[in-house]
Chemist: 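Sharing a structure with you now.
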Amino acid sequence: MAHLNFAREVLFMPRPIQAHIDLSALEHNLQVARRATAARIMAVIKASAYGHGLLRAAGALRAADGFALLDINEAAYLREAGFRQTILLLEGFFSTDDLALAAEYDLACVIHNPQQVAMLDAYPRRGNLQVWIKANSGMNRLGFPPQDIPAVLEKIKAHPAVRDITLMTHFASADEADGVVAQLEVFNALDTPCRMARSLANSAALLRYPATHADWVRPGIMLYGASPFAEISAQQLGLKPVMTLQSEIISVRELKAGERVGYGGTFCAESPMRIGTVACGYADGYPRHAPTGTPVLVAGRRTRTLGRVSMDMLSVDLSSLPDAIAGSGVTLWGSGLPVEEVARAAGTISYELLCALAPRVHMAGFSQSA
Ligand SMILES: *Cc1c(COP(=O)(O)O)cnc(C)c1O
């Protein structure tokens, strides 16, 4: 019997890598958004809530006024799970079937192109659809040209299936010095046949440009505790990191001067040093292009990665950490090491690292009592 239990334990022993999701930090960051605006808050939970797990994140963000995402199946799933808020499909529907499903589940739909208007035209039923008309105010990704907006609005307003229209746009550079001014001007000049709700702001605009708040703000990254700005940290914004990616040292060795580390031997020891191998690689979502020197915490102390990141492992410098041994805890990002710093070192942004967390990494939600 004891033997059987032992065997089972071995069979189910996971690799030591885990993503810890701090649900109280999600709630806290939503409160930070609340305090910054009087507008209704549409929590953006696309890409499985930026890699944090859809239902887990939506549950912690249940005080939001709405949820925005892309996948209609996920949206229907949220509705089935009991969420009563507005649920917005950020790219709208892709087919007439989607449209029928959106109506059935009371999903608000972005309409951003003439093909969607045509699908709506062909939609036979009366109904209760909430529609968000997207204007292109300068990002040139999605949305109708400003001059087309009045005609689109007139047409949609007259449609018997449409209950309610919100006018929206999206900023290209709310996080940068050139900001929102030009796009805000275009959006504010739009000609609408009657007063309707408006939505413009992502996290950066919410935090920096109150003039963009209007009726609905659409924060994403800030809810997950990362700063949308290069020059202001999440901590300075009062945000708490939600995801902490942790693993362990699984091997320790001494290098002589001239010895190399990892594929391609891109790192060469200049003098004798001590290094550790961490159970985390690019197949876990750690960026392969993170160079030597990318920050990492071992037993809570800051050190650096060495050489190339492999599929399942990476190497770290333990020369200044004589106490670090096989089994020492490693933080790849999160609590104590902002994901933005790791992203910057790897030449990318926090969004990409969070979204790229691999499904094979076990995630566990927890709450810190205040
Ligand atoms: C992703 C997204 C957001 C959220 O952006 P953040 O920078 O993460 O706050 C808001 N609106 C739209 C249309 C989006 O696609």
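Atoms considered below: every heavy atom in the structure, side chains included; atoms not considered: hydrogens, waters and symmetry mates. Every number for a ligand or one of its atoms is a count from 1 in the order of the listing. Computed from a prediction, not measured in an experiment: that's the story for all the values here.
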Chemist: Taking C-beta and beyond as the side chain, do Arg15 and Asp312 meet within less than 4.5 Å on heavy atoms?
Modeler: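 The answer is yes; the side chains approach within 4.5 Å.
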
Chemist: Run the numbers on Asp284 and Arg360 for salt bridge (Lys or Arg N to Asp or Glu O under 4.0 Å), then give the verdict.
Modeler: CA-CA 7 Å; Asp284 297 302; Arg360 81 177 193 183; 2.7 Å; yes

Chemist: What does the N/O contact table under 3.5 Å look like for ligand 1?
Modeler:
{"residue": "ligand 1", "atom": "7 (O)", "partner": "Tyr351", "partner atom": "OH", "Å": "2.7"}
{"residue": "ligand 1", "atom": "8 (O)", "partner": "Tyr50", "partner atom": "OH", "Å": "2.6"}
{"residue": "ligand 1", "atom": "8 (O)", "partner": "Ile221", "partner atom": "N", "Å": "2.8"}
{"residue": "ligand 1", "atom": "9 (O)", "partner": "Ser203", "partner atom": "N", "Å": "2.8"}
{"residue": "ligand 1", "atom": "9 (O)", "partner": "Ser203", "partner atom": "OG", "Å": "2.5"}
{"residue": "ligand 1", "atom": "9 (O)", "partner": "Gly220", "partner atom": "N", "Å": "2.9"}
{"residue": "ligand 1", "atom": "11 (N)", "partner": "His170", "partner atom": "ND1", "Å": "3.4"}
{"residue": "ligand 1", "atom": "11 (N)", "partner": "Arg218", "partner atom": "NE", "Å": "2.9"}
{"residue": "ligand 1", "atom": "11 (N)", "partner": "Arg218", "partner atom": "NH2", "Å": "3.4"}
{"residue": "ligand 1", "atom": "15 (O)", "partner": "Lys46", "partner atom": "NZ", "Å": "2.6"}

Chemist: Do Gln183 and Thr212 have side chains that approach each other closer than 4.5 Å (heavy atoms only, starting at C-beta)?
Modeler: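 Gln183 does not reach Thr212 side chain to side chain.
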
Chemist: Less than 4.5 Å apart, side chain to side chain, heavy atoms only: is that true for Gln236 and Phe229?
Modeler: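 Of all side-chain heavy-atom pairs linking Phe229 with Gln236, none is under 4.5 Å.
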
Chemist: Output yes when Arg302 and Glu341 qualify as a salt bridge under the 4.0 Å nitrogen-oxygen rule, no when they do not.
Modeler: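 Salt bridge between Arg302 and Glu341, a charged N being under 4.0 Å from a carboxylate O: yes.
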
Chemist: May I ask you to test the Asp22-Thr244 pair for a side-chain heavy-atom distance under 4.5 Å?
Modeler: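 No, side chains not in contact.
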
